[in-house]
Amino acid sequence: MTDVTATVVRLKLSLLRNGLRQSGGRRAAFVASAVVALLFAALQLLGLVLLRGHAHADAVAVLGAAVLALGWAFMPLFFPGGDETLDPTRLVMLPLRPRSLVRALLAASLIGIGPVFSLLLLVGCAVAVAHGAAGYGVAVVAVALALLVCVALARAVATANVRLLSSRKGRDLAVLSGLVIAVGAQLVNFGAQSLGSAGLGRLAPVADVVRWLPPASAIGAVHSASEGSYGTAALQLGLSLAALALLVGVWARTLDRLMTSPDGSTLQAPDAATRSRSPEGGGLGRLLPGGRTGTVMARSLRYVWRDPKTKAAWVTSLAIGLIVPVFNALQGTGSIYFACFAAGMLGIQMYNQFGQDTSAFWMVATTISSARDAYAELRGRALALLLITLPYATLVTVLTTALLGDWPRLPEVLGLSFALLGAMLATGAWTSARFPYSIPQEGHKNVAPGQAGLAWIAIFGGMVSAALLCSPVIALTIALNVSAGGDEWTWLLLPVGAGYGAAITWTGLRAAAPRTAAHLPEILTAVSRG
């Protein structure tokens, strides 16, 4: 049993190490993402330590542990690089018992940036409420127990959903789950804004309930022991221990069922009614241009319509792009410029275009023999995205403007949105060729092991570059708004932004095409790892 655990841990380390050996760029991306994540965790740890002695420090610590547990449960399913623990379906053919495999995978799951990040946060939560020898003694046990509960919760949920995103029955549920997470994240954001104005005292009623829910109950036990309530502390630790045992048991049963039951991968061909409802089978397909451009657009729209992971990503982006500006407008604290968030969220879909094809990209690669072919391919993908994004960004901007009643600024905000969208299409095309990464077809992960840092650097680096590319339009907007009589000319920002966005998109596609054509073998290798 110990040998199984040691072997799986070594296998996890080998996967990470071999992924980083592929190129210096991947190593740099991994190191950079690790430094950023750990720096953020260290700052959170410092903030929690400075909270010691505050009247509501226990409420913040308890709720912090609860939010961390929620993140472990759901974030790995829908966001790239949540963690890179081993996929149990890869071990189906090995003669392993579920119980021993659970222990091995639990140990392997403790390796990575995510567990270290969580450990620092939990240490900060414990230190914020610990006082006296009893408090610190319980804190040592509570931190370890809370971390194990978080990891076991993540693995139990992930194992139960390994085939969810690749099954026909699970497609709608996957999309709905992504939408729920998107809405929930924004509700947390608005709650944080409310706390900023009303104070931490509003957390106390919620914390009084959450402190009895694992793994937050482990942090609650630290506070109880520090206050001398040793019986309460023991009960709260017991709740977390019972939750860990329950999660491990559920995980083992789910793992046994996953590894012994058929996967239902054989699906019937879609009937005529289903085909008629797909984008390429209806009236929209007839409206697409002919030649390669129309073919690429139809293929991209087909992915959005049929592929569960692509559909979930689009629904989440559509939801967040609408929720942020509209909710802020309804609260009376928003700005009309928040409407640009819609273009930004959908522009992210341009990133890692070839990774979305997974191993099927080899069929596309066989049709690309020159920079001209690569440009036509990228252009078709960009036009497919624009087919959805342009009307959606316009609708969100008009709706936000109507809620705020700031109609004179509608042209400039639309111009900014179009410029931002063009910049993200340009940087997305370039990063797709420069930093491609694999999206596994099966399982719950959105990035292959060893490529999480590369994915985050590609996305956030591209977003920063897009913001810099938009700086001329942003500077012009600021200049017109601060200059005397400039308000009379802000309507020019609409044609200027639209024209600038179109020009920067064309430039980005042209710049990405030669690299795409020249580095097809490397791109194919990178996106086929899943």
Side-chain angles (χ1 to χ4, degrees), residues 1-17 37 41 65-66 68-77 81-123 126 140-164 213-219 237-260 440 442-445 447 449-450 452:
M1 189 173 300
T2 303
D3 292 338
V4 172
T5 301
T7 301
V8 173
V9 169
R10 288 196 299 269
L11 179 59
K12 171 66 177 292
L13 293 173
S14 297
L15 287 172
L16 294 175
R17 183 172 58 252
L68 182 65
L70 287 175
W72 269 94
F74 296 108
M75 298 293 269
L77 294 175
D83 65 36
E84 295 173 343
T85 51
L86 300 177
D87 185 351
T89 59
R90 304 296 178 91
L91 308 175
V92 169
M93 302 303 296
L94 299 180
L96 299 174
R97 295 181 181 274
R99 292 287 180 180
S100 59
L101 184 57
V102 163
R103 294 187 183 93
L105 291 177
L106 184 62
S109 299
L110 295 173
I111 300 172
I113 300 174
V116 176
F117 178 91
S118 302
L119 179 62
L120 291 176
L121 253 63
L122 289 171
V123 169
V140 174
V141 178
V143 168
L145 186 57
L147 181 60
L148 289 175
V149 171
C150 288
V151 175
L153 176 62
R155 296 302 91 212
V157 172
T159 302
N161 290 277
V162 157
R163 291 173 179 160
L164 176 64
L213 302 176
S217 60
I219 302 300
L237 282 177
L239 288 173
S240 290
L241 186 61
L244 178 61
L246 177 63
L247 288 171
V248 170
V250 171
W251 183 11
R253 287 194 295 272
T254 305
L255 192 62
D256 179 65
R257 183 168 61 251
L258 176 69
M259 301 181 74
T260 57
E442 297 180 356
H444 60 277
K445 296 180 290 186
V447 181

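Numbering of residues begins at 1 and proceeds along the displayed sequence.
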Closest heavy-atom pair and its distance - [X], [Y]:
X: L247; Y: A156; answer: O-CB, 4.1 Å
X: P215; Y: C150; answer: CG-SG, 4.0 Å
X: V157; Y: A73; answer: CG1-O, 3.4 Å
X: L120; Y: A41; answer: CD1-CB, 3.7 Å
X: L110; Y: P115; answer: O-CB, 3.4 Å
X: A104; Y: T5; answer: CB-CA, 3.7 Å

**Q.** Under 3.5 Å donor-acceptor, K12 side chain and I111 backbone
**A.**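 At least one qualifying donor-acceptor pair exists.
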Q. Any donor and acceptor pair, going by atom type alone, linking the side chain of S240 with main-chain N or O of A218 inside 3.5 Å?
A.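 It does hold such a pair.
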Interatomic spacing from [atom1] in [X] to [atom2] in [Y] - rounded to 0.5 Å:
X: L147; Y: W72; atom1: CG; atom2: CH2; result: 6.5 Å
X: L101; Y: W251; atom1: CG; atom2: CH2; result: 7.5 Å
X: L153; Y: L148; atom1: CG; atom2: CG; result: 12.5 Å
X: L145; Y: S217; atom1: CG; atom2: OG; result: 7.5 Å

Q. Does the side-chain contact (heavy atoms from CB on, under 4.5 Å) test come out yes or no for V250 and T254, once each step is laid out?
A. CA-CA 6 Å; V250 171; T254 305; 4.0 Å; yes
Q. Does the side chain of L241 come within less than 4.5 Å of L237's, by heavy atoms?
A.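 In short, these two side chains do not touch, never coming nearer than 4.5 Å.
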